[in-house]
Every structure is written in structure tokens, then in C-alpha cells.
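Just below is one structure, and these are the notes that go with it.
Naming convention: chains lettered A, B, ... in sequence-line order (proteins, then strands); numbering from 1 in each chain. Quick caveat, the model's predicted, so the values are computed rather than measured.
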Amino acid sequence: MTVRVRFSPAPSGELHVGSARTALFNWLFARHEGGTFLVRIEDTDVSRTREEWVDAIGDTLRWLGLDWDETPWRQSERIDVYLAAADRLLASGAAYECFDTPEELDEMHAARKAAGLAPGYDGRGRDLSADDRARLAAEGRPRTVRFRTPDSGPSTFTDVVRGEVTVEWSTISDFVIVRSDGSPLFFLANAVDDLEMGITHVVRGEDLIDTTHRVLAIRRALGSDQVPLYAHLPLILQADRAKLSKRHGAVAVEDFRARGVLSEALFNYLALLGWAPDDDREVMDRAEIVDAFSLTRVTHSAAIFDDKKLEWINGEWIRRLAHDVIVDRIRPFAHDRYGVGLDETLLDAAVTIGQERASTLVALADQMDFLFAGDGFTVADTVWADVATVEQPAAVLDAVITH
RNA sequence: GCCCCCAUCGUCUAGUGGCCGAGGACGCCGCCCUUUCAAGGCGGUAACGGGGAUUCGAACUCCCCUGGGGGCACCA
């Protein structure tokens, strides 16, 4: 079987490190297995989608070094496919039409919660007659399509990292697959696409583990007896053990990029969050990681994102990369900061110092402050005071190089 | 509230019944190198959440508790 995986981001913001890690693991798995890595934009919710995010996510993936194999899919261009599937589910009785108003649903949720149940749905629309439905539709009530879940019995699937995952159907109520505005929802689109695109392995965050039962149920109702192999990755948490959020500093890949984290370093660090090779290596390049990667070695518990360790790996990479490569990457920073009159010789000298001591490209740029500005040095306090007091740039350079 | 998942140093992790009086890395603390900062070298600090059970023997198996996380939407 040829491995076929996909990364399916919702374009509702910049790519954050959690999603990037998911993309990375999918990519690593595909490359390791010689399989295919696809990108599928899950933009069925038009209100949350912005075209600029679609482009931004692509740029970020490219920057990280994650290349995809086929033209990216857009779910927004396949709406009719999902609705056709919904019609089939309706025809077979696997799904049914509902005409509940938002107010009625709110009331029901409150009542169910008070009764110690999950918000869910009480199935009130399940057994409406054709006449009932026609009448309610005629009243102008909103029409949605719900998937009918089994009343009882176990739902089990095999997860590569977690083993057998079982849940009782009675805890999962009927859920909406087509909105009142006629657009399809995640569960439907996801099930249809994974099926039609021949996805063999679904690698995603653990926050989606509970949705698997529903997606699998839709697949079966659609007539498929094929089940992709799932692998739910442990979540990435903040230092306070809460889910990563924008309130707590950098979470978007672009934030790290702007901060001067090298692509190689973030790739390397992210690979180590939730996975470890079977030896002691930590600083590894892309090829080494692809070679060593395996889903069976993915860890089980949530990991805290550690900036310190990222900084360390970044420093390793700054020192490891060829001098010219760093000069090329630092040039935009230097240019922004010091303008057109950029002195290439000094830039070169700054990188020399930077590779020796900096952990991030921004810190490296700080080294340049005193080289370019002469007296205004921001290098850690009194560091290199004697060198910085030399007035002639040439002498500074000399001192730096011979130091 | 209900459901699911998870549980080794502060953090990332190795570990799949004896090789573990628990290994590596980051961080932190010393010392060395160095005119100073880094980098580097050397050393140190620090963990199997608790209780049962199985076993000749449990970090590794099972159960309970506790703790943490996630889910329960006309978001994905």
C-alpha cells in the first residue's frame, strides 16, 4: 500500500506551531515511507476563511521546508460533492432533516446540561414525518441535515499511537452535517475527502480524537468498508500547561521566523516535540529526521513548548550552517536596520562573531549594532567594552577578526 | 456535568519484567579555558504521582485513586 497523507489546515489565521507540528509529522511520515503528502484547505466555513491566510499558510510550509505533491485541494471548490453525499445519506436514512431554531437549540442545550448530559442533541427531529417536514419548511424554519448516530453499542478504531480507542455511542448524539445556509460541515467534508482522496493514514492532533468515531460512521454510511489508519499526536502546551494561545507570546510560525529562528532549527525542534529517535541524537538535519522517523515512536503525553531549548537548537544551527548561508539570511535584517549603505565587510564580520556567540539571528543583528554604529552597542551590557571603544570601524573590524 | 486521552528530573525525552541504586538533552549551579561575553571542556543539582494486585523480581502488566489535558457547536 502506498502511503497517502494530507495536512488539512483551516485558513482562519496564521499557521501556529501546533498545526505546523502536525504538518511536519505528516510530511515526515510520507517522505520516510516514500508516500504522497497532500495539502487540503478546509475552508467550508466561509465566515472564518480569509484568502490571505491561505497564501500565508503555503508560504510558511514552504519556509519550513515542507513541500507537497499535488495541487492543493480547496474544500470550498467541492461543496457540491459534499452536498451530493449528504443527499445520499438522506436517501438511505443515515441522515435526516431538522428544522430547529437557534432559540430552541439553546433551550435544549441548557436543559440537557442541567440533566447532566452533554449539550448535544436530543433527537427531536429524528422521527418527523414527510408531512411534518414539509410543513416546517413551509413555515420558513431553518433546515439543517443531521447524521443519525447509533443509540448504543461501542465504536472502536485503531490508533497507531494510542491503540484501541473505544467510546459508547450513547454518549454521541446526532450532529449537523449541513448548515441551514446549505453549506457542509467539517465532519461531512472531512469524511468524503479522506475517502475520495484515498487517504491511507490520518495524522492529526489529539484534540480531534473524539471526532474520529463520527467521521468513521459517515464513511460507513457512505458505503465504504475501508478505514484509514489513525495516529493522534499529543498536544503542544504552553508553560502553564494550557493550550497554546496568542496571549502568551509567539505561537505562529511566522513569529519565530521574524524573531530570527532558522527554518532548520524550528523543523528540528518541532520534530523532537512528541517524537524521539531510537538513539541520543538531537541536532539533526531534515534528511536525518526523515530517515529516522516513525509513527510508532510518537510519544503519548502532551508536551510543553520550551523556548529555551528552541534557542539552543537555533544556536546550534547558526553555528553549524555555512558562513555564507548565514550572511545571506542575515542580510535582510541588516538591510532593514542599517539601510542601503550596508557594508558587506562589516556584515561578514558581524556574522563571524554571531556564529560564535549568538543563539538567534536577532541576537546576531544586535552584535552588528556596535559594529555599524560604533559606539551604540547593545551587546549584553559591558561585553566587549574594550573592542567597542575603538573608534575607527576598520580598527573595530580588525580587533574583532583578530580577537 | 458526561465522554475520551495521558502520567519518568523544572522542561523535552530514553526505558516495553531482571542490563535502572533510572540514561541523554535543555535549563540551572560550580570549576576550567578566556583581558571580558559567548562558544567549548569537566563536574553537580534534579524524576519513575499515591495505593493495591500479579510475579522469584516491577519505571515497565492489571485495578483503584489523584493529577493534567482534550472533547461534548449550524468551528475545524
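B/C33: no Watson-Crick or G-U partner with both key distances under 3.5 Å is found in any strand. Of the nucleotides present, B/G71 is the one that pairs with B/C2 by Watson-Crick or G-U wobble criteria, both distances under 3.5 Å.
Listed nucleotides B/U11, B/C6, B/C74 differ in distance to A/Arg162; the shortest reach to its side chain belongs to B/C6.
Between A/Asp174 and A/Thr149, the side chains place a donor N or O and an acceptor N or O closer than 3.5 Å (distance only, hydrogens not considered). A/Trp169 and A/Asp151 are not linked by any side-chain donor-acceptor pair at a separation below 3.5 angstrom, with hydrogens and angles left out of the test.
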Evaluate side-chain hydrogen bond (donor to acceptor under 3.5 Å, both in side chains) for A/Asp43 paired with A/Ser76, printing each intermediate quantity in order.
CA-CA 6 Å; A/Asp43 53 355; A/Ser76 56; 2.8 Å; yes
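One C1' atom belongs to B/G44, the other to B/G52, and the distance between them is 37 Å to the nearest Å.
A donor-acceptor contact under 3.5 Å is not formed by the side chain of A/Thr144 with the base of B/C74.
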Donor-acceptor list for residues 222-232 of chain A side chains, cut-off 3.5 Å, not counting sequence neighbours:
{"unit_1": "A/Ser224", "atom_1": "OG", "unit_2": "A/Gln226", "atom_2": "N", "d": "3.0"}
{"unit_1": "A/Ser224", "atom_1": "OG", "unit_2": "A/Gln226", "atom_2": "O", "d": "3.4"}
{"unit_1": "A/His232", "atom_1": "ND1", "unit_2": "A/Asp159", "atom_2": "OD2", "d": "2.6"}
{"unit_1": "A/His232", "atom_1": "NE2", "unit_2": "A/Arg204", "atom_2": "NH1", "d": "3.1"}
{"unit_1": "A/His232", "atom_1": "NE2", "unit_2": "A/Thr212", "atom_2": "OG1", "d": "3.4"}

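An OP1 or OP2 oxygen of B/C2 is reached within less than 4.0 angstrom by no side-chain nitrogen or oxygen of A/Arg112. Between A/Thr299 and B/U13 there is a side-chain N or O to OP1 or OP2 distance below 4.0 Å. OP1 or OP2 of B/A76 lies within a sub-4.0 Å distance of a side-chain N or O belonging to A/Arg179. Proximity of A/Arg297 to the phosphate of B/G15: a side-chain N or O atom is located under 4.0 Å from OP1 or OP2.
Remark: C1' of B/C74 and CZ of A/Phe99 are 14 Å apart, rounded to the nearest angstrom.
Qualifying salt bridge (Lys or Arg N to Asp or Glu O under 4.0 Å) partners for A/Asp193, counting only residues two or more places apart in sequence or in other chains: A/Arg40, A/Arg78. Partners of A/Arg143 under the side chain to side chain donor-acceptor pair (under 3.5 Å) rule, at least two apart in sequence or in another chain, are A/Glu97.
Non-hydrogen atoms lying under 4.0 Å from RNA chain B are contributed by A/Leu272, A/Leu273, A/Gly274, A/Ala276, all within residues 264-278 of chain A.
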Close N/O contacts between protein and nucleotides 24-31 of chain B (under 3.5 Å):
{"unit_1": "B/A25", "atom_1": "O4'", "unit_2": "A/Glu282", "atom_2": "OE1", "d": "3.2"}
{"unit_1": "B/A25", "atom_1": "O2'", "unit_2": "A/Glu282", "atom_2": "OE1", "d": "2.3"}
{"unit_1": "B/A25", "atom_1": "O2'", "unit_2": "A/Lys309", "atom_2": "NZ", "d": "3.2"}
{"unit_1": "B/A25", "atom_1": "N3", "unit_2": "A/Lys309", "atom_2": "NZ", "d": "3.1"}
{"unit_1": "B/C26", "atom_1": "O2'", "unit_2": "A/Lys309", "atom_2": "N", "d": "3.4"}

With 3.5 Å as the limit, what N/O pairs link the protein to nucleotides 68-72 of chain B?
{"unit_1": "B/G70", "atom_1": "N2", "unit_2": "A/Asp210", "atom_2": "OD2", "d": "3.0"}
{"unit_1": "B/G71", "atom_1": "OP1", "unit_2": "A/Lys243", "atom_2": "NZ", "d": "3.1"}

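Checked against the 6.0 Å centroid threshold, A/Phe147 and A/Tyr96 do not count as a close aromatic pair. Checked against the 6.0 Å centroid threshold, A/Tyr82 and A/Phe187 do not count as a close aromatic pair.
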